[in-house]
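Working notes, beginning with the structure itself.
In listed order, ligands and their atoms are each counted from 1.
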Amino acid sequence: MSIQYEVEQLADSYGVADSFPKDFGYGEEEADIEDSPSASDSKPRILLMGLRRSGKSSIQKVVFHKMSPNETLFLESTNKIYKDDISSSSFVNFQIWDFPGQVDFFDPTFDYEMIFRGTGALIFVIDAQDDYVEALGRLHLTVSRAYRVNPEINFEVFIHKVDGLSDDHKIETQRDIHQRANDDLADASLEKLHLSFYLTSIYDHSIFEAFSKVVQKLIPQLPTLENLLNIFISNSGIEKAFLFDVVSKIYIATDSSPVDMQSYELLREDGSGSAYDKESMAIIKLNNTTVLYLKEVTKFLALVCILREESFERKGLIDYNFHCFRKAIHEVFEVGVSTQRSSGSQAVGSPCTKAVALNGTPRNTV
Ligand SMILES: Nc1nc2c(ncn2[C@@H]2O[C@H](COP(=O)(O)OP(=O)(O)OP(=O)(O)O)[C@@H](O)[C@H]2O)c(=O)[nH]1
């Protein structure tokens, strides 16, 4: 009946927290670009690059700073590298570096080797509403340089502003960009360099979905989180479950059943950060006999489940399983973070008191 045994086994057997990156994304927003390479190496970094006006700053503001898409019309051009450390407000403890469109690799003051060495993912944004020939040239130059410095980088191409394109046009644009970008790589004997493509727009859920996937690739605990979600839903009669970053509303993990876009759009309406605390929960009955169930997992993570009304009759079981699930999630992350923060205020005590939220905020668990 319960999942306690299974989740405990899983949490125990996984080398979990040991693999948590030390200094997982902490850094000073105003930190200088000339950070020492060793310090930069330890901070997982997502770079946002692309031509001028392709939409880089808009993406960052909409996903991580709750800017409404219409407000981005008034964004000024970025003239220097803008570093955004989102670790204090979000589970996603990464730095995002928004690069001005005109970055010049041949400028001797631009130490791209140092930058690429500490990079986890490089997102290259292409404006699909514009002529993209120049962007493709820039993409090739950028990824080939980055790959030579650090072949471990995940290369992600956002074919952006697709809200202005018809469905047919979207597919054709993606096919064409995919083909040309890979042809360019083949010509340079860089077949091993893998590019992932996403169709995105800040005017709908697609930018959140794409960012979720980019971030998930950088979370070493992802398979464990997916396993825990699978165990949780199969023992609780739940159809689909997502672990959401409360602030950005990107999802950190989901169970292994397919993601239905309509569900995801629905979920974006929930989990808003401001009034969110340990007691937070929501049960929303949707008129199509489906229930949306939201619970706090950590200060930065919420579990959102979709289930049938009749399954919800066993709410006691679901709540008990959730309790075990939540405990396991805390265990997955706590050791690495508490080791990392051992010089901080929280003491390493019994398993019930030492847990910390995922980005290091001390808190008590049940
Ligand atoms: N239609 C549409 N417009 C977008 C989208 N994303 C961004 N824009 C618009 O594109 C314009 C440029 O956006 P920015 O975010 O300033 O572009 P940037 O790449 O940061 O530009 P630089 O700072 O010059 O490098 C703005 O007017 C945005 O409103 C999108 O998904 N769809």
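- The aromatic rings of F155 and Y147 are tilted relative to each other, their planes meeting at an angle between 30° and 60°.
- Taking distance alone, with nitrogen or oxygen atoms compared against 3.5 Å, H160 approaches ligand 1 more closely than that limit.
- Residue contacts with ligand 1 include S54, since one or more of its heavy atoms lies under 4.0 Å from the ligand.
- Side-chain contact check for D163 and S201: at least one donor-acceptor pair (N or O, by modelled atom type) lies under 3.5 Å.
- Among residues two or more places apart in sequence or in another chain, the salt bridge (Lys or Arg N to Asp or Glu O under 4.0 Å) test is passed with K170 by D167.
- The D163 neighbourhood of ligand 1 comprises atoms 1 (N), 2 (C), 30 (C), 31 (O), 32 (N), with distances under 4.0 Å to a heavy atom of that residue.
- Within the 4.0 Å heavy-atom criterion, both parts of L73, backbone and side chain, lie near ligand 1.
- Residue G55 has at least one N or O atom closer than 3.5 Å to an N or O atom of ligand 1.
- Comparing K56, K61, K161 against atom 18 (P) of ligand 1, the shortest heavy-atom distance belongs to K56.
- Using bins of under 30°, 30° to 60° and over 60° for the plane-to-plane angle, the ring pair F64/F211 lands in the perpendicular bin.
- Residue S57 approaches ligand 1 through these ligand atoms, each under 4.0 Å from one of its heavy atoms: 15 (O), 18 (P), 20 (O).
- The proximity of Q129 to ligand 1, defined as any non-hydrogen pair under 4.0 Å, is limited to the side chain.
- In summary, the side chains of S68 and N70 do not present any donor paired with an acceptor at a separation below 3.5 Å, with no hydrogens or angles considered.
- The shortest N or O to N or O distance between I202 and ligand 1 is below 3.5 Å.
- Annotation: the span from I329 atom CD1 to T298 atom OG1 amounts to 9.0 Å, rounded to 0.5 Å.
- Every N/O-N/O distance between T200 and ligand 1 stays at or above 3.5 Å.
- In this structure E71 satisfies the salt bridge (Lys or Arg N to Asp or Glu O under 4.0 Å) test with no other residue, sequence neighbours excluded.
- If you number the atoms of ligand 1 from 1 as listed, the ones under 4.0 Å from a heavy atom of S201 come out as 31 (O).
- Defined by atom type and a distance below 3.5 Å, a donor-acceptor pair is missing between the side-chain atoms of Y320 and N235.
- Assignment of Q60 to the shell around ligand 1 is not supported, since no heavy atom sits closer than 4.0 Å.
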